[in-house]
Amino acid sequence: MNAPMSGRVAIAGVAESDLGITGRTPMALQAQAVTRALAEAGLSLSDVDGYCTSDLAGEYAPSVRMAEYLGIRPTYHDTSALGGASFLSQTAHAAQAIRDGRAEVVVVGYARAPRSWNPPVPAAPLYGPGQYERMWGAPFPVTAYALAARRYLHDHGAAPEQLAAVAVAARRWAGLNPAAYRRDPITVDDVLGSRMIADPLHALDCCLVTDGGGAIVLVGEDRARDLPQRPVFILGHGDASTHMNVSSMPDLTRTAAAASGERALREAGVAVGDIDVFQIYDSFTVTVLLTMESLGLCGPGEAGPLVAAGHTAPGGDLPMNTNGGGLSYCHPGEYGIFTIIEAVRQLRGACGDRQVPGAELALAHGTGGELSATSTLILGSNR
Amino acid sequence: MTRVYPSAYEDADSQPFWAALGEGRLDMPRCDDCGRHLFYPRAVCTACGSERLTWVTARGRATVHSFTTIHQRDGGSYVIALVDLAEGPRMITEIIGENAGEVAIGAEVVLDVTGDPPRPFFRLAGPAQGRDA
């Protein structure tokens with residue numbers, strides 16, 4: 001095992017804010033999540049000396065703004081921005097900061113409220129590299145994911161049923177999670193019969209749009225041993241990007257997960273086959289299939305049949321997105337922090353009906369932009 | 001069906017692109033040192049790092065790499081595609097024409113600069129389009 005990432009920093013607290021349609025602001029939701037995560041960690045705001053977030057109501061210096069809202073004065077800040085993957089990256093940076101002695105209690109927070117808080121934004125003209133995609137007025141990011149999904153189906157002679165199976169598995173897990181936004185069972189036919197958005201992606205191939213926030217609290221191992229929650233250790237991490245705009249994506253069926261996953265697994269000294277539970281960013285159904293293959297869970301074209309056969313669903317041997325995922329549980333825009341929260345809860349054995357028995361090693365994986373940037377974390381409870 | 005095409009803020013990187021469209025051309029930078037065509041337009045060559053770039057006109061031929069039909073809430077639809085230009089770069093475009101719905105991966109398409117302001121649409125190549133190569 002690689003010495004610099006050998007379980008010296010732990011996640012001591014995790015929490016969500018209110019979820020769904022909350023009537024609250026992004027600031028309020030982020031504050032809720034932070035104070036709840038600190039409370040379960042047995043800590044308080046006055047203990048926090050590091051703060052990380054990628055976004056606060058779209059304004060610059062988000063960690064500074066949120067620290068002010070919380071009334072804290074951090075001496076460690078991180079606003080690393082990889083879209084939905086940001087928080088996994090910030091968690092790894094925070095672990096390094098704690099190991100280096102630059103901080104003792106670091107919080108990673110996030111919230112958005114797209115169902116409740118939408119101040120008017122003046123329409124800006126197209127500018128920068130994005131203008132060559134946005135000039136067509138097509139909806140993004142779904143158009144980008146649909147282009148990748150079409151190519152995936154074409155390359156593997158696969159049918160949209162394989163995409164739909166990802167949504168069905170997510171909903172089965174959501175049925176076991178009281179906090180999930182949509183819990184009623186669905187079938188492949190339900191997905192294929194839902195409104196077509198961007199062929200081959202239907203409405204039920206797309207993530208939810210909900211309010212929600214999350215927070216995690218990191219401390220050094222020694223301190224974690226004195227706190228109430230079973231510590232979950234950060235064992236490995238990798239970041240990678242391959243492009244921003246989908247027209248610059250080198251291979252529409254292979255994501256940066258190939259690089260970020262390989263780095264994270266190598267750092268943790270484990271193989272993907274050792275992982276007990278997977279929390280994989282599911283902005284769209286296709287995101288999961290491409291990520292499974294890029295992480296090396298299976299070969300090209302094999303993810304769809306694996307999901308369709310139930311391997312990732314409750315009772316399967318590749319339990320995945322056990323909270324119901326962005327497809328059925330919660331998706332405020334940058335879902336990545338929830339992959340960490342659920343991984344931690346699984347490793348604590350605290351997931352009730354949806355608990356994966358004996359889970360000791362988890363992989364959490366975020367994807368940002370248009371399949372653009374990824375961040376992978378390996379978390380463990382027993383190392 | 002109503003389509004909304006956002007307007008662009010033309011800056012030093014993009015002004016030659018939009019100006020050429022106004023004259024019916026799709027232009028892009030080509031590296032004077034290594035010959036690589038660059039799209040989207042940039043200030044440095046992504047292959048060799050050179051800053052010596054010259055704007056040139058694309059032939060207007062491309063091959064479809066992937067596509068999606070966008071379905072609008074009111075029942076309208078249109079086709080967005082990733083196409084590989086004959087010069088090498090890949091770009092996003094809209095496929096227009098009566099037979100746009102017949103688009104397939106691997107299909108040959110031809111440039112059709114049209115609209116106000118003009119944009120680089122493509123059409124399926126072939127005699128049905130009434131366009132020569």
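In what follows, chains carry the letters A, B, and so on, assigned in the order in which the sequence lines appear, proteins first and then strands, with residues in each chain numbered from 1. Note: hydrogens, waters and symmetry copies are ignored here, and every other heavy atom, side chains too, is used.
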*Asks:* In this structure, are over 12 heavy atoms from other groups packed under 6.0 Å from B/Arg25 atom CZ?
*Replies:* yes
*Asks:* Identify which part of B/Arg73 has an atom lying under 4.5 Å from any heavy atom of chain A, answering side chain, backbone, both or neither.
*Replies:*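 Both backbone and side chain.
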*Asks:* With heavy-atom distances below 4.5 Å as the criterion, would you say the side chains of B/Cys45 and B/Asp33 are in contact?
*Replies:*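 B/Cys45 vs B/Asp33: side chains apart.
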*Asks:* Do the side chains of B/Glu94 and B/Arg119 get close enough for a salt bridge, i.e. N-O under 4.0 angstrom?
*Replies:* no
*Asks:* Tell me whether the rings of A/Tyr281 and A/Tyr335 are parallel (<30°), tilted (30 to 60°) or perpendicular (>60°).
*Replies:*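 Taking A/Tyr335 first and then A/Tyr281, their aromatic rings stand perpendicular (interplane angle over 60°).
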*Asks:* So, for B/Ile96 and B/Asp112, which heavy atoms are closest and what is the spacing to 0.1 Å?
*Replies:* CD1-OD2, 4.1 Å
*Asks:* Please determine, among B/Tyr78, B/Phe17, B/Phe67, the option with the most heavy-atom pairs under 4.5 Å with chain A.
*Replies:* B/Phe67
*Asks:* Is chain A contacted by the side chain of B/Phe121, its backbone, both, or neither, given a heavy-atom distance below 4.5 Å?
*Replies:*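 For B/Phe121, heavy atoms of backbone and side chain both lie under 4.5 Å from chain A.
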*Asks:* I'd like to verify something: which residue of A/Tyr132, A/Trp136, A/Tyr127 has the highest number of heavy-atom pairs under 4.5 Å with chain B?
*Replies:* A/Trp136
*Asks:* So which part of A/Arg150 gets closer than 4.5 Å to some heavy atom of chain B, the side chain, the backbone, both or neither?
*Replies:* both
*Asks:* For the candidates A/Gly137, A/Pro200, A/Ala146, which exhibits the highest count of non-hydrogen atom pairs separated by less than 4.5 Å from chain B?
*Replies:* A/Gly137
*Asks:* Tell me, side chain or backbone of A/Leu147 under 4.5 Å from chain B's heavy atoms, or both, or neither?
*Replies:*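 Both backbone and side chain of A/Leu147 come within 4.5 Å of chain B.
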*Asks:* Please check if any side-chain donor atom of B/Asp84 sits under 3.5 Å from a side-chain acceptor atom of B/Thr63, or the reverse.
*Replies:* no
*Asks:* Does atom CZ of B/Arg36 have more than 12 heavy-atom neighbours, drawn from other residues, nucleotides or ligands, at distances under 6.0 Å?
*Replies:* no
*Asks:* Heavy-atom pairs under 4.5 Å with chain A are the metric here; pick the option from B/Met91, B/Arg90, B/His65 that has the most.
*Replies:*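 Going by pairs under 4.5 Å, I would pick B/His65.
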*Asks:* Using a cut-off of under 4.5 Å on heavy-atom pairs, state which of A/Met249, A/Arg134, A/Arg195 scores highest against chain B.
*Replies:*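 Counting heavy-atom pairs under 4.5 Å, the top option is A/Arg195.
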*Asks:* Of the backbone (N, CA, C, O) and the side chain (C-beta and beyond), which part of B/Thr46 lies under 4.5 Å from a heavy atom of chain A, both, or neither?
*Replies:*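 Contact with chain A involves no heavy atom of B/Thr46 at all.
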*Asks:* A/Ala138, A/Ser248, A/Ala148: which one forms the most heavy-atom pairs within less than 4.5 Å of chain B?
*Replies:* A/Ala138
*Asks:* For this output row, return yes or no: ring centroids of A/Phe284 and A/Tyr145 closer than 6.0 angstrom.
*Replies:*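 Judged by ring-centre distance (under 6.0 Å), A/Phe284 and A/Tyr145 do meet the cut-off.
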*Asks:* May I ask you to check whether over 12 heavy atoms, not counting those of A/Arg183, lie within 6.0 Å of atom CZ?
*Replies:* yes
*Asks:* Checking heavy atoms, do the side chain of B/Ala81, its backbone, both or neither come under 4.5 Å from chain A?
*Replies:*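 Backbone only.
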*Asks:* Can you tell which part of B/Pro89 gets under 4.5 Å to a heavy atom of chain A, answering side chain, backbone, both or neither?
*Replies:*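 When you check distances to chain A, no heavy atom of B/Pro89 falls under 4.5 Å.
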